[in-house]
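Take a look at the structure set out below.
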Amino acid sequence: TQLLEQSPQFLSIQEGENLTVYCNSSSVFSSLQWYRQEPGEGPVLLVTVVTGGEVKKLKRLTFQFGDARKDSSLHITAAQPGDTGLYLCAGGSNYQLIWGAGTKLIIKP
Amino acid sequence: DSGVTQTPKHLITATGQRVTLRCSPRSGDLSVYWYQQSLDQGLQFLIQYYNGEERAKGNILERFSAQQFPDLHSELNLSSLELGDSALYFCASSVGEPNEKLFFGSGTQLSVL
């Protein structure tokens, strides 16, 4: 059974701080997607990484896919209250998506 | 706005009842996915349809069923409801396979009392 483990499960920090959340597996994925979900809404795709070692930037957010395509990280620089939400990673494998349980992030003003 | 429409937004019902959740995918998307999200279990994949045919099944209970119609809208039927079925139910769509970008609706909040 393929699993994606996200850590930490919960993170509460002050505005302006930096943070990194992780998505790890023992399985290889063909792609890795990151979504953000706000309360009362469905998840929204932030980025897809497909190549081992790939780094993508979305403003203050930096996403990295591990060299072996088994793990990924999301780094936020100078976090803002608008970054608050549930961050979900999903790995693509055999025409299905395997979902992590999510990291709940709260940025306090 | 993702372009995926789910109705109703909220649903309150009693144990033992049956409900139907409806989803209209984005224009042009052939795949529809149903997910269940509860506070303690994250996002759980239920079932996927592609152009009217069942493509993949996840942890969907036998009391639950779904279908995708010729116009590509989908319905999720939940029967013999139990308290533990209370959750957010999301529909998502994509052009084709799930490795592609998924567009999620706003969900249906089901409360079983």
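Contact check for B/Gln6 versus B/Phe90: side-chain heavy atoms found under the 4.5 Å cut-off.
Among B/Thr15, B/Leu78, B/Leu11, the single residue meeting the side-chain contact (heavy atoms from CB on, under 4.5 Å) criterion with B/Val112 is B/Thr15.
Counting only distance, with no hydrogens or angles, the side chain of A/Gln6 and the backbone of A/Gly102 share a donor-acceptor pair below 3.5 Å.
Of the two parts of B/Ser106, the backbone and the side chain both hold a non-hydrogen atom closer than 4.5 Å to a non-hydrogen atom of chain A. Neither the backbone nor the side chain of B/Phe103 comes within contact range of chain A, judged by heavy atoms closer than 4.5 Å. For A/Leu88, the part sitting under 4.5 Å from any heavy atom of chain B is the side chain, from C-beta outward, and nothing else.
Looking only at heavy-atom pairs under 4.5 Å with chain B, the residue among A/Gly42, A/Pro43, A/Gly40 that has the most is A/Pro43.
You'll find the ring centres of A/Trp99 and B/Tyr35 inside the 6.0 Å limit.
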